[in-house]
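Reading through the structure tokens given below for one structure.
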Amino acid sequence: IVCASGMSSADRVEKYHADGAALLGGKPLRVDKVCADIRSLRKWLQKHQDDTLAAGPQGKLLELAQAYHKAAVAGGADEESFRDEVLGLVEDLLKLPEGKLISGKAKRTAIKWMEALRGKACGDDAAPDAEGDALEVMTVIDVAGEEGGPISLDLMDDDGETLENVGIADAELSERIRSCFDAGEEVKMEVDRKARQVRGFAKA
């Protein structure tokens, strides 16, 4: 799909991705410029919601939204206006037709981001207990690896923070995780984040 500007949808997403990374990397963070870029992206998404992107550009779009989400939950200057703009972007992603600009799997990730942003807006910013159990319950959002062999997982916690490329050497556990994930089930694991180790399935 080629936009009116002569730039393909994939190229446009790549430019938004590059611009967003540059803006978020600026010191100090120019929230006004970041919010303006998010508004531009939201308008583009609404106008091009029926375009279809390949998996690569879809991933870039999700990475960009994740970067904005992380910056918003971190807080800082103009926190409320920034968070509201990012929340609007995430809500817009969830309204898009599935499988075109965004995949169904990505939408499940975006739902977690929306819940985290809404929770922060309601003042749910209590810090976790530092003395608590080191194990966390995280949701599997992607599985990579050859069928029947070791796998690696991308995981996400309830705040939308991700832990990527966590290896699973145990063949039996790998097969059980892959089977559940491929069946479309929500797979929750007990994870030692600091050690980057999956200890097993989370207890129901």
Side-chain angles (χ1 to χ4, degrees), residues 3 5-49 51 53-96 101-103 105-121 124-125 127-128 136 138-139 141-142 144 152-166 191 193-194 196:
C3 307
S5 63
M7 185 179 290
S8 71
S9 295
D11 288 342
R12 190 64 191 154
V13 168
E14 181 68 39
K15 187 175 189 312
Y16 275 121
H17 185 275
D19 290 348
L23 287 168
L24 290 173
K27 303 293 182 186
L29 182 67
R30 290 290 304 276
V31 174
D32 57 336
K33 287 185 175 294
V34 175
C35 287
D37 207 58
I38 293 174
R39 285 192 291 272
S40 173
L41 174 59
R42 292 179 65 187
K43 289 178 182 177
W44 185 88
L45 290 172
Q46 291 164 10
K47 185 176 180 180
H48 295 271
Q49 60 181 303
D51 291 1
L53 290 172
Q58 282 189 6
K60 288 283 188 180
L61 181 58
L62 190 65
E63 284 177 15
L64 175 59
Q66 180 185 37
Y68 283 140
H69 165 259
K70 285 184 176 180
V73 296
D78 300 318
E79 177 182 351
E80 187 173 350
S81 61
F82 185 23
R83 184 186 61 235
D84 289 347
E85 199 66 59
V86 175
L87 177 58
L89 170 62
V90 174
E91 290 174 340
D92 286 350
L93 288 174
L94 291 171
K95 295 173 186 175
L96 295 173
L101 295 178
I102 187 171
S103 67
K105 186 188 298 184
K107 280 194 171 187
R108 291 194 292 274
T109 301
I111 287 172
K112 296 286 188 179
W113 296 342
M114 180 179 69
E115 291 171 348
L117 288 163
R118 286 179 173 174
K120 192 169 179 63
D124 182 17
D125 55 1
E136 301 177 50
M138 303 185 75
T139 302
I141 58 175
D142 196 20
S152 63
L153 307 178
D154 289 352
L155 303 124
M156 182 173 64
D157 65 19
D158 289 340
D159 292 327
E161 293 293 318
T162 57
L163 187 64
E164 299 178 348
N165 198 29
V166 178
V191 181
R193 189 193 292 263
K194 289 185 178 179
R196 292 180 59 82

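Numbers for residues simply follow the sequence, beginning at 1.
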#### Entry: Beyond-backbone contact of L87 with M114, side-chain heavy atoms, under 4.5 angstrom
yes

### Task
Would you please test K60 and L64 for side chain to side chain contact (heavy atoms under 4.5 Å, CB included) and show each step?
CA-CA 6 Å; K60 288 283 188 180; L64 175 59; over 6 Å; no

#### Entry: Donor-acceptor contact below 3.5 Å, side chain E115 vs main chain K112
no

### Query
side chain to side chain contact (heavy atoms under 4.5 Å, CB included) between D84 and E80: does it pass, once the steps are laid out?
CA-CA 6 Å; D84 289 347; E80 187 173 350; 3.8 Å; yes

### Query
Which pair of non-hydrogen atoms, one from I141 and one from K105, has the smallest distance, and what is that distance?
O-CD, 2.9 Å

#### Entry: Interatomic distance, L23 atom CG to Y16 atom OH [nearest 0.5 angstrom]
12.0 Å

### Query
About how many Å separate CG of N165 and CZ of R196, when rounded to the nearest 0.5 Å?
6.5 Å

## Note on the structure
Smallest heavy-atom separation, L96 atom then L45 atom, equals CD2-O, 3.8 Å

### Query
Just how far is it from atom CD of E14 to atom CG of D19, taken to the nearest 0.5 Å?
10.0 Å

### Task
Answer yes or no: is there a donor N or O on one side and an acceptor on the other, between the side chain of Y68 and the main chain of E85, under 3.5 Å?
no

#### Entry: Rounded distance (nearest 0.5 Å) linking atom NE2 of H17 with atom CG of L61
9.5 Å

### Query
So V191 and V166, side chain to side chain contact (heavy atoms under 4.5 Å, CB included) or not? Walk me through it.
CA-CA 10 Å; V191 181; V166 178; 5.7 Å; no

### Query
Can you list the residues that meet the salt bridge (Lys or Arg N to Asp or Glu O under 4.0 Å) rule with R193, with sequence neighbours excluded?
E136, D157

### Query
D92 and R42: which non-hydrogen atoms are nearest, and at how many Å?
OD2-NE, 2.6 Å

### Query
Any idea which heavy atoms bring A71 and L24 closest together, and the distance?
CB-CD2, 3.8 Å

### Task
May I ask you to test the T109-T162 pair for a side-chain heavy-atom distance under 4.5 Å?
no

### Message
Show the nearest heavy-atom pair for residues S81 and V31, with the distance to one decimal.
### Response
OG-CG1, 4.5 Å

### Task
Considering non-hydrogen atoms only, spot the tightest contact between D159 and A116 and give its length.
O-CB, 3.5 Å

### Message
If I take atom OG from residue S103 and atom CZ from residue R108, how far apart are they, to the nearest 0.5 angstrom?
### Response
7.5 Å

## Note on the structure
Here the gap from W113 atom CH2 to E91 atom CD, rounded to the nearest 0.5 Å, amounts to 14.0 Å

